[in-house]
Visitor: 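Got a structure here, written out as structure tokens. Questions coming.
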Amino acid sequence: MFFLSRDQLRQFEIYYQFLLEKNKLFNLTSIIDEDEVIDKHFVDSLTCCRVVDMSQVSNVIDIGTGAGFPGIPLKIAFPHLYVILVDSLKKRVNFLNELISLLGLTGIYAIHGRAEDLARDDIYRGRFDLCVSRAVANLNTLSEYCIPFVRVNGYFVSYKSVKGLEEMKNCSSCLHLLGSKIIYVDDFALSSQDYRRILIKIKKCENTSNLYPRKAGIPLKNPL
Ligand code: SAM
């Protein structure tokens, strides 16, 4: 359970207005109705706290963050977090940098790059208590992008639709190769009811072999 202060609610309002304004110039989201943005972007992003005690998390990396989901709502709601947002599209990273300064947030950085490349950099590899990712790739591809960033005994939370349940059936050998395993699956309806969210909580049990992630593009073309 957590509460949002007036200032935090104001930050969400500013986020919404800025998203709408920039969405007219380039594609950031297909959801623009205010109530839907609240439900399907803001509240959805925060559901991670159903499966992870955020007070025990110091740093988070969000892979394929797009317009900042789920990383920016998590930073607004849990300001103690040090957050890295990663996206391979420069325009989106520029948007995020403008948004971060508009919201007056500190301890949050938007990085332009591909997960496969950044995960080989010692600054990022094996450093994070928590990795989050929503709507980026199939679970096997995504795990190869995300698990290398997580420290041993840290977590990767994958935000999935019902398709995630299918994807989970084929992921155990992939997760084993990456030194990790699924420890919890949360399956629930968001407040709009028509929108089902599956959160897959994966624990990193041992260091990931230096073989992973493979070169940029390979995890997508040829998933583990
Ligand atoms: N996570 C956001 C959300 O849920 O609204 C954005 C989802 S969008 C469908 C997928 C994003 O992942 C895009 O912004 C894309 O540029 C980014 N992306 C895809 N593959 C990536 C990779 N290998 N490394 C970094 N970003 C990637």
Side-chain angles (χ1 to χ4, degrees), residues 2 4-49 60-79 81-118 130-138 141-142 145-146 157-164 188-199 216 220:
F2 62 94
L4 296 173
S5 67
R6 243 172 223 265
D7 286 348
Q8 286 167 311
L9 290 171
R10 180 81 191 119
Q11 284 176 312
F12 278 110
E13 178 62 29
I14 293 169
Y15 190 175
Y16 173 63
Q17 295 301 340
F18 192 63
L19 184 66
L20 274 199
E21 182 191 322
K22 294 293 177 177
N23 203 44
K24 290 179 189 142
L25 306 177
F26 57 97
N27 180 35
L28 286 163
T29 176
S30 56
I31 299 170
I32 51 168
D33 172 74
E34 185 166 13
D35 288 342
E36 272 197 275
V37 170
I38 291 171
D39 245 27
K40 296 186 176 178
H41 284 324
F42 297 162
V43 174
D44 187 27
S45 293
L46 297 177
T47 57
C48 183
C49 71
V60 182
I61 188 163
D62 178 7
I63 299 301
T65 187
F69 306 115
I72 293 204
L74 286 172
K75 174 67 186 178
I76 293 174
F78 304 100
L81 296 174
Y82 176 88
V83 176
I84 297 289
L85 307 166
V86 172
D87 204 278
S88 53
L89 271 189
K90 184 79 175 116
K91 266 192 184 173
R92 293 188 177 152
V93 173
N94 293 343
F95 162 83
L96 293 167
N97 280 321
E98 276 190 72
L99 176 63
I100 287 167
S101 66
L102 190 64
L103 295 175
L105 296 173
T106 56
I108 178 167
Y109 301 92
I111 311 286
H112 175 230
R114 292 188 68 128
E116 304 94 305
D117 299 325
L118 295 173
L130 176 66
C131 177
V132 290
S133 188
R134 188 183 82 159
V136 174
N138 166 288
T141 300
L142 192 61
Y145 291 167
C146 292
V157 173
S158 175
Y159 291 59
K160 287 284 176 188
S161 66
V162 276
K163 277 194 202 152
F188 56 95
L190 275 176
S191 47
S192 53
Q193 297 299 321
D194 61 328
Y195 196 65
R196 192 164 152 206
R197 170 60 70 214
I198 315 287
L199 294 177
L220 180 62

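What you see below is based on every heavy atom in this structure, not just the backbone, and it leaves out hydrogens, waters and symmetry mates.
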Visitor: Lys160 side chain to Leu199 main-chain N or O, any donor-acceptor pair under 3.5 Å?
Guide: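 Not at all, since once roles are kept as given, no pair shorter than 3.5 Å links the two residues.
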Visitor: So which atom in Gln11 and which in Leu103 form the shortest heavy-atom distance, rounded to 0.1 Å?
Guide: NE2-O, 3.1 Å
Visitor: Does any N or O in the side chain of Gln8 come within less than 3.5 Å of the main-chain N or O of Ile76, such that one atom is a donor and the other an acceptor?
Guide: yes
Visitor: Tell me whether Asn23 contacts the main-chain N or O of Leu28 through its side chain, where contact means a donor paired with an acceptor under 3.5 Å.
Guide: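 Yes; judged by distance alone, with no hydrogens or angles, the pair exists.
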Visitor: Test your reading of the model: is there a side-chain donor-acceptor pair from Ser133 to the backbone of Ile63, 3.5 Å cut-off?
Guide: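 It does hold such a pair.
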Visitor: With side chains defined as the heavy atoms from C-beta onward, is the minimum distance between Tyr109 and Asn97 less than 4.5 Å?
Guide: no
Visitor: Given Ile84 and Asp62, is the side chain to side chain contact (heavy atoms under 4.5 Å, CB included) satisfied, shown in steps?
Guide: CA-CA 6 Å; Ile84 297 289; Asp62 178 7; over 6 Å; no
Visitor: State the CD1-NZ distance between Ile32 and Lys24, to the nearest 0.5 angstrom.
Guide: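 Between Ile32 CD1 and Lys24 NZ, I get 8.5 Å after rounding to 0.5 Å.
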Visitor: Is the shortest heavy-atom distance from the side chain of Cys131 to the side chain of Val60 under 4.5 Å?
Guide: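 No, side chains not in contact.
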Visitor: Between Phe69 and Tyr159, is a ring pair (Phe, Tyr, Trp, His ring centres under 6.0 Å) present by the stated rule, with each step listed?
Guide: CA-CA 10 Å; Phe69 306 115; Tyr159 291 59; over 10 Å; no
Visitor: Answer yes or no: are there more than 12 heavy-atom neighbours, outside Leu89 itself, under 6.0 Å from its atom CG?
Guide: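 Yes, CG of Leu89 has more than 12 neighbouring heavy atoms, counting only those of other groups under 6.0 Å.
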Visitor: Would you say Leu19 and Phe95 make side-chain contact, with heavy atoms under 4.5 Å?
Guide: yes
Visitor: What are the two closest non-hydrogen atoms of Ala216 and Glu116, and how far apart are they?
Guide: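 Scanning both residues completely, I find the closest heavy atoms to be CA-OE2, 3.5 Å.
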Visitor: We want to know whether Glu13 and Gln17 form a side-chain donor-acceptor pair, criterion being a heavy-atom distance below 3.5 angstrom.
Guide: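 Judged by distance alone, the side chains do pair up.
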Visitor: Not counting sequence neighbours, which residues clear salt bridge (Lys or Arg N to Asp or Glu O under 4.0 Å) with Glu34? List them please.
Guide: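 Here no residue qualifies.
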Visitor: How are the rings of Phe12 and Phe42 set relative to one another: parallel (under 30°), tilted (30 to 60°) or perpendicular (over 60°)?
Guide: tilted
Visitor: So, Tyr15 side chain and Arg10 main chain: donor-acceptor pair closer than 3.5 Å or not?
Guide: no
Visitor: With a 3.5 Å distance limit and no angle check, can you tell me whether Asp87 reaches the backbone of Arg92 through a side-chain donor-acceptor pair?
Guide: no
Visitor: State, yes or no, whether a side-chain contact exists between Ile111 and Leu118 at a heavy-atom distance under 4.5 Å.
Guide: yes
Visitor: Main chain of His41, side chain of Ser45: is a donor-acceptor contact present, judged purely on distance under 3.5 Å?
Guide: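 Pair found, side chain donor or acceptor close to backbone of His41.
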Visitor: Starting at CG of Leu130, measure out to CG of Leu81 and round the result to the nearest 0.5 Å.
Guide: 8.0 Å
Visitor: Are the side chains of Cys48 and Leu74 in touch, meaning some heavy atoms are under 4.5 Å apart?
Guide: yes
Visitor: Would you say Thr65 and Leu96 make side-chain contact, with heavy atoms under 4.5 Å?
Guide: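 Thr65 vs Leu96: side chains touch.
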Visitor: Which distance, rounded to the nearest 0.5 Å, do you find between the CG of Leu220 and the CG of Leu142?
Guide: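 Going from CG on Leu220 over to CG on Leu142, the span is 11.0 Å.
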Visitor: Going by side chain to side chain donor-acceptor pair (under 3.5 Å), name the residues that satisfy it together with Asp44, two or more places apart in sequence or in a different chain.
Guide: Arg134, Arg197
Visitor: Heavy atoms only: give me the nearest Gly68-Pro73 pair and the separation to one decimal.
Guide: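 Where Gly68 meets Pro73 most closely, the heavy atoms are O-CD, 3.3 Å.
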Visitor: Using a 3.5 Å distance criterion without hydrogens, assess whether the side chain of Lys75 forms a donor-acceptor pair with backbone atoms of Ile100.
Guide: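 No; judged by distance alone, with no hydrogens or angles, the pair does not exist.
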Visitor: Determine yes or no for a side-chain-to-main-chain donor-acceptor pair under 3.5 angstrom, with His112 supplying the side chain and Val93 the backbone.
Guide: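 No, the answer is negative, given that no donor and acceptor are paired below the 3.5 Å cut-off.
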